Amino acid sequence: MQTRTDHRAQAIDDVLDRLSDYSYADGPGMATHGPMGAEALITLGHDDVVGAWVEEYKARHDPIPAPPATDRLDPDDESSWQTALGNPAHLTDWRCLFGHELQERPWSEVVGTWAPRLLAGYGGAFTHGLIRTAHAVRAAESVGVPSDLVIDELAKGLAYWAGTYKALPGQPRLQGDRSLAEAVAGLPRPEQEWSPLESGMFLYLPELGGFTDAIEALGPPAAVDEALSDLTATFARMMLANPDGHPFGFVHSVTPIAGARTLLPYLPTVTTEQVYAQLWQVGAAIAIGFTSGRDRLGVEPPLEDEPPLEDEPPPTSAELVARAAEHRDPHVVKFTEASLREHTIRPDPVYLHAAHYVVSHTPRW
């Protein structure tokens, strides 16, 4: 008799085989979402529709070739790979590096070595390097012995993270004296509205006065085991409090945090506080960009005064899963899965309302 693990392993391998021609982009400036969306759909229990979902994804997005290999990057020589960080022209070189590393060492050790090196630059490519890596790690850990297809997907995720590495201004070291609510209230406001592309690329962030000070003003979390939940709940509330904004902005402030939860057990040299600090920095930058041109973020400080949610009770988890599977957009699928996971860790209706908001405000396939 086949177990759920067997079914999951078969479904993941089938998905990755069908998507083998897809590398890093599915459109100009758009990250490949096929493997991530499919893994999230399988995690939501929809192995039955994931094959059709992948074929529809392929019909909507033609494969975009990866750049050619140019240099051999030596993982043991920091001077060899440091210069290739954040350079998409080296994506194939990075994939070769990680492919070799994953053949030589257990995948968990490779993640444990490289994710800490890449953490400070996870904002690049609008956080998709970390997210794709986390989906691949979850696929690997859930199937017992990962297949070559899963290992290759992990190499792609790490390569995308390294090749799009982008460090943001400031040093988020949690040495300030502000709580999370106070730090959010102190974020600077751009006078002009930034476009989604400008916001997602953090194009004008270096010119925004006060950003570095605001990021560095955050102090340690009151409770370490609640820290990541505090962040996801905060950004979910911001999404609901700014209904005239683009929902995908705040989607990418929440899903990387859920992805970081997946990676944390494999990062023995990184503390939860260090991850929390980096997630705060990038999430705050996203919040600023996608609420630019307004006087305030739309969250009245302090955050304990919750912004108004929808009048009706939120849908149930089962209803949200069904709606995401029917909707099919990969951002909806991924955000629904991440929100329900956060809700399971620390129940809060804000996650259900946020998932409902995203599925209701995103055009379906």
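In this text, all values refer to a predicted model and were calculated from it rather than measured experimentally.
- Using modelled atom types and a 3.5 Å distance limit, the side chains of Thr262 and Arg138 yield no donor-acceptor pair.
- Between Tyr122 and Leu279 there is a side-chain heavy-atom pair separated by less than 4.5 Å.
- Residues Tyr276 and Leu228 are in side-chain contact: their nearest non-hydrogen atoms beyond the backbone lie under 4.5 Å apart.
- Salt-bridge annotation for Glu216 and Arg178: absent, with no side-chain N of the basic residue lying under 4.0 Å from a carboxylate O of the acidic one.
- Using a 4.5 Å cut-off on side-chain heavy atoms (C-beta onward), Pro188 and Ile288 make contact.
- Taking the six-membered ring where the residue is Trp, Trp107 and Tyr266 present tilted rings, their angle falling between 30° and 60°.
- With values rounded to the nearest 0.5 angstrom, Thr336 atom OG1 is found 13.0 Å from His343 atom NE2.
- Nearest heavy-atom pair, Pro206 versus Phe202, reported as atom, atom and distance to 0.1 Å: CD-O, 3.6 Å.
- Note on ring orientation: taking the six-membered ring where Trp is involved, the planes of Tyr57 and Trp53 are parallel (angle under 30°, cut-offs 30° and 60°).
- Counted by atom type alone, Ser147 and Asp13 present one or more donor-acceptor pairs between their side chains at under 3.5 Å.
- When the shell of 6.0 Å around NE2 of His61 is examined, it contains more than 12 heavy atoms from other residues, nucleotides or ligands.
- Residue Asp148 places its CG atom among 12 or fewer non-hydrogen atoms of other residues, nucleotides or ligands, all under 6.0 Å distant.
- Checked by atom type, the side-chain pair Arg72/Ser80 shows no donor-acceptor distance below 3.5 Å.
- Closest non-hydrogen pair, Pro35 versus Leu19, comes out as N-CD1, 3.6 Å.
- In terms of modelled atom types and a separation under 3.5 Å, the side chain of Trp280 and the main chain of Leu231 share no donor-acceptor contact.
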Taking it one step at a time, do Thr269 and Arg117 satisfy side chain to side chain donor-acceptor pair (under 3.5 Å)? CA-CA 10 Å; Thr269 63; Arg117 294 172 175 174; over 6 Å; no
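- Looking only at side-chain heavy atoms (C-beta outward), His356 and Pro314 stay at 4.5 Å or farther from each other.
- Heavy-atom minimum distance, Ala260 versus Val275: CB-CG1, 3.9 Å.
- Between Lys334 and Glu337, no side-chain nitrogen of the basic residue sits less than 4.0 Å from a carboxylate oxygen of the acidic one, so the salt-bridge criterion is not met.
- Tyr357 has its ring centre less than 6.0 Å from the ring centre of His361.
- By the 4.5 Å heavy-atom criterion applied to side chains, Val358 and Met239 are counted as neighbours.
- We find the CE-OG1 distance between Met36 and Thr133 to be 9.5 Å, quoted to the nearest 0.5 Å.
- Counting only distance, with no hydrogens or angles, the side chain of Glu207 and the backbone of Tyr204 share no donor-acceptor pair below 3.5 Å.
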With side chain to side chain donor-acceptor pair (under 3.5 Å) as the criterion, how do Thr113 and Glu109 come out once you've worked through the C-alpha distance, each side chain's angles and the decisive distance to 0.1 Å? CA-CA 6 Å; Thr113 296; Glu109 289 185 11; over 6 Å; no
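- The aromatic rings of His128 and Phe126 sit perpendicular, their planes meeting at an angle over 60°, well past the 30° parallel limit.
- Side-chain contact between Thr43 and His135: absent, with no pair of heavy atoms (C-beta onward) separated by less than 4.5 Å.
- To the nearest 0.5 Å, atom CG of residue Leu130 and atom CG of residue Leu158 are 10.0 Å apart.
- With salt bridges taken as basic N to acidic carboxylate O contacts below 4.0 Å, one links Arg105 and Glu101.
- Rounded to the nearest 0.5 Å, atoms CH2 (Trp94) and OH (Tyr24) are 11.5 Å apart.
- By the 4.0 Å N-to-carboxylate-O rule, Arg60 lies too far from Asp329 to be salt-bridged with it.
- Under a hydrophobic-cluster definition in which Ile, Leu, Val, Met, Phe, Trp and Tyr are linked whenever side-chain heavy atoms come within less than 4.5 Å, directly or via other members, Val332 and Ile257 are assigned to the same cluster.
- Between Ile345 and Glu342, the closest side-chain pair of non-hydrogen atoms falls below 4.5 Å.
- Met201 and Met30 fall into different hydrophobic clusters, where Ile, Leu, Val, Met, Phe, Trp and Tyr are joined by side-chain heavy atoms under 4.5 Å apart, directly or via other members.
- Proximity of Trp81 to His90: side-chain heavy atoms (C-beta onward) are nowhere separated by under 4.5 Å.
- Rounding to the nearest 0.5 Å gives a distance of 15.5 Å between CZ of Arg173 and CD of Glu273.
- To the nearest 0.5 Å, atom CG of residue Leu180 and atom CD of residue Glu226 are 12.5 Å apart.
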